[in-house]
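A short write-up of the structure that comes next.
Predicted, not measured: the structure shown is a model, and the values here were computed from it. Both counts, for ligands and for their atoms, begin at 1 and track the order of listing.
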Amino acid sequence: MNTVIPAHVGIIMDGNGRWAQKRSLVRTQGHLEGLKAAKRVVKAASDIGIKYLTLYTFSTENWKRTAEEVGFIMGLIKQYLRSEMEFSIKNKIRVRHAGDFTGLPSDIQKEISDTILETAKFDGMQVILAINYGGRDEIIRTIRRLVKNHPDMENISEDEISANLDNPDIPDPDLIIRSAGEYRTSNFLLWESAYSELYISDKLWPEWEKQDLEDAITEYNKRNRRYGGL
Ligand code: FPP
């Protein structure tokens, strides 16, 4: 049997805190290891031939964490964008953003927009960093955009909403993965995940390797996608 590679995979990278706690380390240490796992999985996804990989990096709800933890994650995002540029160039990886860009600190905004610009022409895998992202927030921002430009909101269609999301050209995720065993989607790609297959693994995010992504794809291949049909 030929393995079908899902075109778009979304990942809820959960369990950094628990990974640290298990080792009596501070939570930020878990995020540091989480960043290493993200790098491993991006490389694996690119090798496997996934076309779009969305990483739930920082949610609109994550601002509720301590200033120290928020600052640390923002620092990691910066570090990721800088340190992976060489890898992106070599592997033709295009980096994009999903979420409320204007709500991000200006230094992070600059880092993200520089990376987007520098990788815009690459035709390899696209890595979408969901930063300051919330599914409901994306829908609200989409409606606000539509209200401004759409003459006939009363008759708005599904396609028109899809066409005004943060990244309308990106197909809906085929597979959504969540690490660390929690059975919820936590406001991730709310509109886009209507027919996504869900894969939940008990493994904590910092422990993720290429094999874990391959296991998820193997499981995905056992699913029978019906999109509400028979
Ligand atoms: C969830 O673990 C993880 C986050 C909220 C942050 C994700 C950030 C990274 C993996 C590092 C940056 C990555 C990139 C790609 C720039 P948690 O803290 O909720 O864990 P817990 O549920 O065990 O407490």
Side-chain angles (χ1 to χ4, degrees), residues 9-46 50 52-88 91 93-101 103-105 107-116 118-119 125-135 137 176-189 200-210 212-213:
V9 176
I11 308 186
I12 302 170
M13 308 179 287
D14 195 17
N16 294 348
R18 275 164 281 172
W19 182 91
Q21 197 176 24
K22 256 172 67 179
R23 289 162 180 78
S24 307
L25 298 168
V26 285
R27 293 179 55 80
T28 47
Q29 197 64 34
H31 294 314
L32 194 60
E33 290 304 312
L35 174 65
K36 292 182 193 164
K39 291 181 182 184
R40 287 194 294 274
V41 169
V42 167
K43 179 163 191 335
S46 163
I50 288 166
Y52 306 90
L53 180 72
T54 301
L55 298 176
Y56 203 6
T57 306
F58 193 88
S59 76
T60 46
E61 287 69 42
N62 284 154
W63 297 107
K64 292 181 204 150
R65 299 189 177 198
T66 65
E68 190 209 353
E69 187 169 340
V70 169
F72 190 86
I73 296 174
M74 289 298 155
L76 284 186
I77 291 169
K78 243 188 197 179
Q79 195 185 317
Y80 174 83
L81 293 169
R82 286 186 187 169
S83 67
E84 289 308 273
M85 189 46 85
E86 215 175 298
F87 176 80
S88 296
N91 294 280
I93 289 176
R94 179 174 172 196
V95 179
R96 301 177 69 171
H97 174 255
D100 178 11
F101 188 75
L104 284 165
D107 59 325
I108 301 287
Q109 284 189 17
K110 179 163 171 24
E111 214 70 52
I112 295 172
S113 42
D114 286 354
T115 309
I116 290 174
E118 281 177 63
T119 63
M125 183 174 74
Q126 300 196 14
V127 174
I128 303 99
L129 297 175
I131 307 172
N132 196 22
Y133 179 86
D137 183 66
I176 290 189
I177 294 172
R178 181 170 187 142
S179 60
E182 230 85 61
Y183 281 68
R184 54 177 172 265
T185 53
S186 302
N187 208 9
F188 185 49
L189 302 177
I200 291 154
S201 154
D202 282 337
K203 211 163 179 184
L204 304 176
W205 179 249
E207 293 163 352
W208 270 61
E209 305 277 353
K210 185 178 190 185
D212 299 293
L213 184 60

Counting non-hydrogen protein atoms only, what is the nearest one to atom 5 (C) of ligand 1? Give residue, atom name and distance. Asn62 OD1, 3.6 Å
Kindly compute the distance separating CD (Gln79) from NZ (Lys39), expressed to the nearest 0.5 Å. 6.0 Å
Met13: numbered ligand 1 atoms lying under 4.0 Å from its heavy atoms: 1 (C), 2 (O), 3 (C), 10 (C)
d(Thr54 OG1, Leu189 CG) to nearest 0.5 Å is 5.5 Å
So which protein heavy atom does atom 10 (C) of ligand 1 come closest to, and at what separation? Asn16 ND2, 3.5 Å
Per-atom filter on ligand 1: closer than 4.0 angstrom to a heavy atom of Thr57 are 6 (C), 7 (C), 8 (C), 13 (C), 14 (C), 16 (C)
Could you list which atoms of ligand 1 come closer than 4.0 Å to a heavy atom of Tyr80? 16 (C)
Going by the order shown, which atoms of ligand 1 are within less than 4.0 Å of some heavy atom of Ala38? 15 (C)
Rounded to the nearest 0.5 Å, the CD1 atom of Ile11 sits from the OG1 atom of Thr57 at a distance of 10.0 Å
Does Ala180 come within less than 4.0 Å of ligand 1, judged by its heavy atoms? no
Which of the atoms of ligand 1 are close to Arg65, meaning less than 4.0 Å from one of its heavy atoms? 5 (C), 17 (P), 18 (O), 19 (O)
Nearest heavy-atom pair of Arg40 and Pro206: which atoms, and what distance? NH2-O, 2.9 Å
Is a salt bridge present between Glu207 and Arg18, judged by a nitrogen-to-oxygen distance below 4.0 Å? no
List ligand 1 atoms under 4.0 Å from Arg27, heavy atoms only on the residue side. 17 (P), 18 (O), 24 (O)
Can you measure from CD1 (Ile93) to CE (Met85) and round to the nearest 0.5 angstrom? 11.0 Å
Ring-plane angle category for His31 and Phe72, please: parallel below 30°, perpendicular beyond 60°, tilted otherwise. tilted
Rounded to the nearest 0.5 Å, how far apart are CG of Leu32 and CD1 of Ile73? 11.5 Å
Suppose I only count heavy atoms of Gly17 and a 4.0 Å limit; which atoms of ligand 1 are within that range? 17 (P), 18 (O), 20 (O), 21 (P), 23 (O), 24 (O)
Ranked by distance from atom 4 (C) of ligand 1, the top protein heavy atom is His31 CE1, 3.9 Å
